[in-house]
Amino acid sequence: VVRNCYRDSKLQSAVMCMTLVVHRIAGTWDKRIDRYIALNEFSRTKFVAGGIPPEKLVVKPNFVEVGAPCDGKRSGFLFVGRLSPEKGLSVLVQAAQQFSDQVVSVVGEGPSAALLAHIPIIKAFGHQPAKVVYEKMANSLALIFPSIWYETFGMVIVEAFACGLPVIASRIGGVPELVEDGQTGLLFEPGDAESLKKCMRWALENPNKMAEMGRRARASYEANYAASKNYEKLVAIYEATR
């Protein structure tokens, strides 16, 4: 309530607080819920630490439905997401400015958009429909995911995998569960522009290895994040609660 955590409102935060207290006293979380579904193991550990019974928590990731990408020449880096401080946009800008000939495409809108102004190496495209985003993913060398906070899941990573695009991502929260360092992408230290720059430089110098990572990323998508696989996992969770 003091920090206006719910919808930036003390009144609404107070109502939410009372709701939580009532359900905690009534034992709703412990007795009336059969299963909780966490998006990754990292989130699951946080919920367990918050008091959710561990035997009631299972992990099932989100999914997307994207057709296989066409093979072709890939170049440049891509950022897709909200342009806000917690997404690590300033880290990306610092790293990108150390290059002179590799375009970084940025898709998205938000309060940090001004950071992109007057930086020739960065091309800002604003908000774009999914079709355009997937086309850019299919033509880029790597997706940059520089978040400096705990992402709930990182849906854009799975979308990149579906497009055969390896991901250069912050080693934070549940991200390492999605991006396997050296296999489906590269991990760097969160908030460290120099660490990100080194990963970007390595990617530029090793396009064949990046292409192989992209193929493994697509295979990871098909095995774990496609609609059919997700359906199987969800039904198995429902069946187990009978």
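What you are looking at is a predicted structure, and each value in this text was computed from that prediction instead of being measured.
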Of all heavy-atom pairs linking Ala124 and Leu116, the shortest is CB-CD1, 3.9 Å
All heavy atoms of Arg82 vs all of Gly110, minimum pair found to be NH1-CA, 4.1 Å
NZ (Lys209) with more than 12 external heavy atoms under 6.0 Å: no
Check: Is there a donor-acceptor pair closer than 3.5 Å between any side-chain N or O of Glu180 and the backbone N or O of Gly185?
Finding: no
Answer with yes or no after comparing the ring centroid distance for Phe145 and Phe79 against a 6.0 Å cut-off, counting only values under it.
no
**Asked** Just by modelled atom types, is the Lys136 backbone N or O under 3.5 Å from a matching donor or acceptor in the Ser140 side chain?
**Response** yes
Between the CG atom in Asn139 and the OG atom in Ser75, the distance rounded to the nearest 0.5 Å is 7.5 Å
Charged N to carboxylate O below 4.0 Å: is that the case for Glu212 and Arg215?
-> yes
The reported gap from CD in Gln98 to CZ in Arg201 (rounded to nearest 0.5 angstrom) is 9.0 Å
> Under a 4.5 Å cut-off applied to non-hydrogen side-chain atoms, are Asp34 and Lys56 in contact?
Replying inline: no
Could you go through Val106 and Phe125, starting from their C-alpha distance and side-chain angles, then the distance that decides it, and tell me whether this counts as side-chain contact (heavy atoms from CB on, under 4.5 Å)? CA-CA 6 Å; Val106 174; Phe125 291 89; over 6 Å; no
The remaining residues in the hydrophobic cluster of Val15, counting side-chain heavy-atom contacts under 4.5 Å among Ile, Leu, Val, Met, Phe, Trp and Tyr, are none
Contacts of Asp181 meeting salt bridge (Lys or Arg N to Asp or Glu O under 4.0 Å) (sequence neighbours excluded), chain-then-number -> Arg171
Discussion item. Using side-chain heavy atoms (C-beta onward) and a distance below 4.5 Å, is Leu92 in contact with Pro146?
Written reply: yes
Exercise for the section: Would you kindly check if the NZ (Lys) or CZ (Arg) of Lys197 is within the cone defined by 45 degrees around the ring axis of Phe99 and under 6.0 Å from the six-membered ring centre? Expected result: no
For Phe161 and Leu178 the tightest heavy-atom approach is CE2-O, 3.3 Å
_When you measure from the side chain of Ser147 to the backbone of Gly88, do you find a donor-acceptor pair of N or O atoms at a distance under 3.5 Å?_
no
- Message: Would a single hydrophobic cluster contain both Leu57 and Ile37, if residues Ile, Leu, Val, Met, Phe, Trp and Tyr are joined by side-chain heavy-atom contacts under 4.5 Å?
- Response: no
Closest heavy-atom pair, Val104 versus Ala96, reported as atoms and distance to 0.1 Å, is CG2-CB, 4.0 Å
Close side-chain approach of Pro176 to Leu187, heavy-atom, < 4.5 Å: yes
Review point. Do side-chain atoms of Glu109 reach the backbone of Leu83 as a donor and acceptor pair under 3.5 angstrom?
Key: no
Within the side chain of Arg44, is there an N or O that forms a donor-acceptor pair under 3.5 Å with the backbone of Ala38? no
To the nearest 0.5 Å, atom OG of Ser84 lies from atom CG of Leu89 at 8.0 Å
Those residues at least two apart in sequence (or on a different chain) that pass side chain to side chain contact (heavy atoms under 4.5 Å, CB included) with Asp192 are Glu189, Glu194, Ser195
Please indicate whether Trp202 has more than 12 foreign heavy atoms, meaning atoms of other residues, nucleotides or ligands, lying under 6.0 Å from its CH2.
yes
Checking Ser112 side chain against Leu115 main chain: does a donor-acceptor pair fall under 3.5 Å?
no
- Task: Taking the side chain as every heavy atom from C-beta outward, state whether Met137 and Leu78 have any pair of such atoms under 4.5 Å apart.
- Result: yes
| said: What verdict does the side-chain contact (heavy atoms from CB on, under 4.5 Å) test give for Phe42 and Glu177, after you've listed the backbone C-alpha separation in whole Å, the side-chain angles of each residue and the deciding distance to 0.1 Å? | reply: CA-CA 8 Å; Phe42 175 79; Glu177 293 181 50; 3.3 Å; yes
Side-chain heavy atoms under 4.5 angstrom apart, residues restricted to Ile, Leu, Val, Met, Phe, Trp, Tyr: same cluster for Val1 and Met16?
no
In terms of heavy-atom contacts, Pro120 and His118 come closest through CD-O, 3.5 Å
In this structure, CG of Leu165 is separated from CE of Met213 (nearest 0.5 Å) by 12.0 Å
Hydrophobic cluster membership, Met155 vs Val179, 4.5 Å side-chain cutoff: yes
side-chain hydrogen bond (donor to acceptor under 3.5 Å, both in side chains) pairs touching residues 225-236, sequence neighbours excluded, are Lys60-Asn230
d(Asn62 CG, Asn224 CG) to nearest 0.5 Å is 13.0 Å
The side chain to side chain contact (heavy atoms under 4.5 Å, CB included) partners of Ala142 (sequence neighbours excluded) come to Phe77, Ile168, Met210
dist Glu205:CD -> Met200:CE (nearest 0.5 Å) comes out at 12.5 Å
Are Leu204 and Ile122 co-members of a hydrophobic cluster defined by side-chain heavy atoms under 4.5 Å apart? yes
Looking at Tyr221 and Val64, would you say the former's side chain and the latter's main chain have a donor-acceptor pair under 3.5 Å? yes
- Item | Leu186-Val91 co-clustered via ILVMFWY side chain contacts under 4.5 Å | yes
Closest heavy-atom pair, Leu143 versus Val156, reported as atoms and distance to 0.1 Å, is CD2-O, 3.9 Å
Distance-only check: which donor-acceptor pairs under 3.5 Å involve side-chain atoms of residues 20-33, not counting sequence neighbours?
unit_1: His23; atom_1: ND1; unit_2: Thr28; atom_2: OG1; d: 2.9

